[in-house]
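One structure is given here, and the rest of the page talks about it.
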Amino acid sequence: MTEQDSHFEIAIIGSGPAGFTAAIYATRGGASTALFGGMAPGGQLLQTMEIENYPGFVDPVVGADLMSNMLRQVTRLGAKVFQDSITGLDLSARPFRLKAGSGKDYTADAVILATGAQARWLGTPSEEKYKGKGVSGCATCDGFFYRGKEVCVIGGGDTAAEDTLFLTKFAAKVYLVHRRDQLRASFRLQEKLKANPKVEIIYDHIPEEFTGEAKLSAVNLKNVKTGAIRRLDVTGAFIAIGHTPATGLVKDKLKLDEGGYVVTDEKTATSVPGVYAAGDVMDTRYKQAVVAAGTGCKAALEALAFIEAGDAHS
């Protein structure tokens, strides 16, 4: 591989909506662009059966189909897409150096980190069985499908409380299940939960088993103090115990917040000039494909401006 083949003006690490959108704007902005998407480009949306809230799709779109369209789009525009993962990143000097899992080395004048975040799961076999069939990690993505139904939320922090309140817009009843005898959510959110007639908080319980035929129909809860089992007849269970941002690659190289997310300014710039972050790896709040795409756009435009300003080799 020649030096010309291994150097790009903009390298994008990650292939969800943020990474693909960054590649679209970077390529159309005239930059030689590489996107490192791993073996299965598409990110978390590959696991999403139906997306109803992505603009431009009248009918629900399967997540894998949406990402396949984005992949074809960036390829058509001229971005170089590698089905390879970046395992090492040297941000100490420009051009930045990237080491791929295949053993190849690359350099780039600007880097956009779009590695995403994974919803934390309970890790039980029955949870895995019903993922996408009643068990979800995203209330704002899937809550609409449970209009008039009874659902539960697992967790006790602000995210769990916010998800519970959001779901009351659709569901007939929402159970909030927490393993301790008090929630960790803010006082304001707890007051809202207590004031909502659709909400029932179940303390000192953990999910023991998710059950049902083809789809979820009940969750068996275990009392952590007595061991007693309580059956909840629900068709939806939302796991809200947090997210883990994929920042292992930059742990000691970029400034991270206490949750491990990349810290950026309003222009997506990180603590290292020429390095930008987009999508769930820097988004502590929204976790939406359209928001990720928007930050990917911003990151690419900022990277293009950085290169054009002549800062890339300074």
Residue pair Arg97, Thr107: steps toward the side-chain hydrogen bond (donor to acceptor under 3.5 Å, both in side chains) verdict:
CA-CA 5 Å; Arg97 298 188 174 278; Thr107 57; 5.7 Å; no
Donor-acceptor check, side chain of Thr124 to backbone of Glu127, threshold 3.5 angstrom: yes or no?
yes
When Ile, Leu, Val, Met, Phe, Trp and Tyr are grouped by side-chain heavy atoms lying under 4.5 Å apart, directly or through other members, which residues fall in the same group as Ile206?
Val224
Residue pair Glu52, Phe144: steps toward the side-chain contact (heavy atoms from CB on, under 4.5 Å) verdict:
CA-CA 9 Å; Glu52 261 198 338; Phe144 178 81; 3.2 Å; yes
So is Lys80 actually on top of Phe82's ring, under 6.0 Å and inside 45° of the axis?
yes
What do the steps show when you test Lys173 against Lys198 for side-chain contact (heavy atoms from CB on, under 4.5 Å), and what is the final call?
CA-CA 5 Å; Lys173 178 153 192 166; Lys198 286 188 175 183; 5.6 Å; no
Check whether any side-chain heavy atom of Thr75 lies under 4.5 Å from a side-chain heavy atom of Leu71, and answer yes or no.
yes
Give, for atom CG of Leu304 and atom CZ of Arg28, the distance between the pair rounded to the nearest 0.5 Å.
11.5 Å
What donor-acceptor contacts under 3.5 angstrom involve side-chain atoms of residues 292-301, with partners at least two apart or in another chain?
| residue | atom | partner | partner atom | Å |
| --- | --- | --- | --- | --- |
| Thr295 | OG1 | Gly279 | N | 2.8 |
| Thr295 | OG1 | Val291 | O | 3.4 |
| Thr295 | OG1 | Ala292 | O | 2.8 |
| Lys298 | NZ | Glu266 | O | 2.8 |

Output the distance between atom OG1 (Thr168) and atom CG (Asn196), rounded to the nearest 0.5 Å.
4.5 Å
Shortest non-hydrogen pair, Ala246 vs Thr115, comes out as O-OG1, 2.7 Å
Remaining members of hydrophobic cluster (4.5 Å side-chain criterion), Leu122
Trp121, Tyr130, Val135, Ile154, Tyr175, Val177, Ile202, Phe210, Leu216, Val219, Leu221, Leu232, Val234, Ile239, Ile241
Non-neighbouring partners of Lys133 that pass salt bridge (charged side-chain N to carboxylate O under 4.0 Å, His left out), sequence neighbours left out:
none
Are Asp109 and Ile10 close enough that some pair of their side-chain heavy atoms sits under 4.5 Å apart?
no
Same cluster or not: are Phe20 and Val290 linked, directly or through other Ile, Leu, Val, Met, Phe, Trp or Tyr residues, by side-chain heavy atoms under 4.5 angstrom apart?
yes
If you count the non-hydrogen atoms of other residues, nucleotides and ligands that lie under 6.0 Å from CZ in Phe57, is the total more than 12?
yes
Contact between Thr270 and Val263 at the side-chain level, heavy atoms closer than 4.5 Å - yes or no?
no
Interatomic distance, Glu208 atom CD to Asn223 atom CG [nearest 0.5 angstrom]
11.5 Å
Count the heavy atoms belonging to other residues, nucleotides or ligands that lie under 6.0 Å from CZ of Phe36, then report whether that count exceeds 12.
yes
Main-chain N/O of Leu165 paired to Lys169 side chain as donor or acceptor, under 3.5 Å
no
Side chain to side chain, Pro245 and Gln118, heavy atoms closer than 4.5 Å
no
Residues in side-chain hydrogen bond (donor to acceptor under 3.5 Å, both in side chains) with Ser68, at least two apart?
Arg72
Around atom NZ of Lys253, are there more than 12 heavy atoms of other residues, nucleotides or ligands at under 6.0 Å?
yes
I'd like to know if the side chain of Asp257 reaches the main chain of Gly260, judged simply by a donor and an acceptor atom lying under 3.5 Å from each other, with no hydrogens or angles considered.
yes
Value rounded to 0.5 Å, distance of CD in Gln190 from CG in Leu183:
4.5 Å
Say whether, by atom type as modelled, one donor and one acceptor occur between the side chain of Thr226 and the main chain of Ala228 under 3.5 angstrom.
yes
Could you list the residues that satisfy salt bridge (charged side-chain N to carboxylate O under 4.0 Å, His left out) with Lys225, not counting sequence neighbours?
Asp204
Between Glu9 (side chain) and Ser32 (backbone), is there a donor-acceptor pair under 3.5 Å?
yes
Test of understanding: with disulfide bond (SG atoms under 2.5 Å apart), list the residues that count as partners of Cys141, not counting sequence neighbours.
Cys138
Are the side chain of Thr264 and the backbone of Ala277 linked by a donor-acceptor contact shorter than 3.5 Å?
no
Checking Asp265 side chain against Ala269 main chain: does a donor-acceptor pair fall under 3.5 Å?
yes
Does the pair Phe145 and Phe170 meet the rule for a ring-ring contact (aromatic ring centres under 6.0 Å, His included), with working shown?
CA-CA 8 Å; Phe145 299 115; Phe170 309 104; 9.5 Å; no
side-chain hydrogen bond (donor to acceptor under 3.5 Å, both in side chains) contacts touching residues 153-163 (sequence neighbours left out):
none
If we ignore hydrogens and angles and just use 3.5 Å, is the side chain of Glu302 paired with the main-chain N or O of Thr268 as donor and acceptor?
no
Ile13/Leu249 under side-chain contact (heavy atoms from CB on, under 4.5 Å): CA gap, chis, key distance, verdict
CA-CA 10 Å; Ile13 307 171; Leu249 196 60; 4.0 Å; yes
Testing the basics here: between Ser15 and Leu35, what is the closest heavy-atom pair and its distance to 0.1 Å?
CB-CD2, 3.8 Å
Over all atoms of both residues, closest heavy-atom pair of Gly101 and Thr87:
CA-CG2, 3.7 Å
Is a donor on one side and an acceptor on the other found under 3.5 Å between the side chain of Ser271 and the backbone of Lys255?
yes
Heavy atoms of Lys104 and Tyr106 approach each other most closely as CD-OH, 3.5 Å
Using 0.5 Å steps for rounding, measure from the CE atom of Met282 to the CG atom of Leu256.
13.0 Å
Partners passing side-chain hydrogen bond (donor to acceptor under 3.5 Å, both in side chains) against Thr140 (at least two apart in sequence or in another chain):
Gln288
Distance-only, no hydrogens or angles: does the Ser92 side chain make a donor-acceptor pair with backbone N or O of Asp90 under 3.5 Å?
no
Quick check: do Arg180 and His178 have side-chain heavy atoms less than 4.5 Å from each other?
yes
Test salt bridge (charged side-chain N to carboxylate O under 4.0 Å, His left out) applied to Asp233 - qualifying residues, sequence neighbours left out
Arg231
Tightest non-hydrogen contact, residues Leu176 and Gly155, listed as CD1-O, 3.4 Å
Quick check for you: to the nearest 0.5 Å, what is the distance between Lys131 atom NZ and Ser126 atom OG?
11.0 Å
Kindly write out the residues that satisfy side-chain hydrogen bond (donor to acceptor under 3.5 Å, both in side chains) with Lys149, not counting sequence neighbours, or none if the list is empty.
none
Short N-O contact, Glu191 and Arg188, less than 4.0 angstrom
no
Which ring pair (Phe, Tyr, Trp, His ring centres under 6.0 Å) pairs, counting each pair once, include a residue from residues 224-282, with sequence neighbours left out?
Tyr146-Phe238
Lys/Arg-Asp/Glu bridge criterion (N-O < 4.0 Å) met for Lys99, Asp105:
yes
Nearest heavy-atom pair of Ala100 and Asp84: which atoms, and what distance?
CB-OD2, 3.2 Å
